[in-house]
Q: 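Mind having a look at this structure? Questions to follow.
Whatever order the structure lists them in is the order used to number ligands and atoms, beginning at 1.
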Amino acid sequence: MDKRDFIKTAAMASIGAVIIPNIGWAKAMPNGGGGGFTLPKLPYATNALEPHIDAKTMEIHHDKHHQAYVTKLNEALTGKPEFNVDVTDLVAHISSQPMAVRNNAGGHYNHSLFWTLLAPVAKQGAMAKAKSLLAAIDAKFGNLANMQEAFNKAATGQFGSGWAWLCYDPKAKELFVTSTPNQDNPLMDLPGMRNGSPVIALDIWEHAYYLKYQNKRADYVKAFWSILDWERANQLYEVAVKQ
Ligand code: MN3
């Protein structure tokens with residue numbers, strides 16, 4: 001399959017199957033230019049999330065773990081037409097790919113999104129700019145605390161490594177909370193996956209919190225709410241609803 005055929009097949013498969021969010025960071029990444037996938041820069045300093053996430057964890061997480069997903073994804077796809085496909089399109093059609101691509105494309109997508117959903121403590125107050133998302137949370141969960149309780153339960157209940165999500169389901173036209181194992185995500189066209197556009201994402205691999213929190217995942221999950229960028233989450237929600 002050449003690149004044109006792959007994109008055509010991907011575009012056809014996306015109709016009625018998976019909603020691909022048109023999110024800013026994906027457009028900013030120079031994927032598709034023939035050079036493969038690249039590691040996006042962190043939008044803040046590694047110590048900007050202190051004391052909730054320590055600088056050393058951010059440095060290793062971004063510079064080593066995320067870089068490894070990018071490197072391995074490029075290795076797996078070099079010479080194939082998917083080398084030049086947007087990572088969002090790639091994860092939405094992941095069922096036809098081998099496990100190495102699934103794990104590393106998921107890892108690249110998930111982390112690229114995750115960095116943009118965290119905000120320095122100094123930026124807090126963004127919740128005032130999340131009115132449409134908060135209204136949708138109230139409509140689905142009754143109130144914010146109920147949604148957070150469901151999210152925390154999904155995050156702490158996911159066995160082993162994975163991610164917790166708040167997503168928008170374009171078919172049901174509602175938000176839902178879920179978790180996924182490993183580097184899977186709710187955009188993936190996998191059996192049993194409830195598809196939706198990610199609005200809030202939390203990495204619950206031990207590499208995301210172990211230096212500071214050790215085995216206390218629940219404390220890390222609780223701290224996440226202090227550094228979530230609500231303005232960014234609201235932006236993702238508004239884009240998802242319009243698609
Ligand atoms: Mn991670």
Q: Quick one: does His62's side chain have a donor or acceptor within less than 3.5 Å of a partner on Lys41's backbone?
A: no
Q: Please name the atom of Asp203, limited to N, O or S, that comes nearest to the Mn ion (ligand 1).
A: OD2
Q: Centre-to-centre under 6.0 Å for His111 and Trp205, is that the case here?
A: no
Q: Find the distance between CD (Gln148) and CH2 (Trp225) and round it off to the nearest 0.5 Å.
A: 4.5 Å
Q: Salt bridge check: are Lys129 and Glu238 linked by an N-O gap of less than 4.0 Å?
A: no
Q: If you have a sec, read the angle at the Mn ion (ligand 1) from His61 atom NE2 over to His207 atom NE2, to 10 degrees.
A: 90°
Q: Looking only at N, O or S atoms, which one in His111 sits nearest to the Mn ion (ligand 1)?
A: NE2
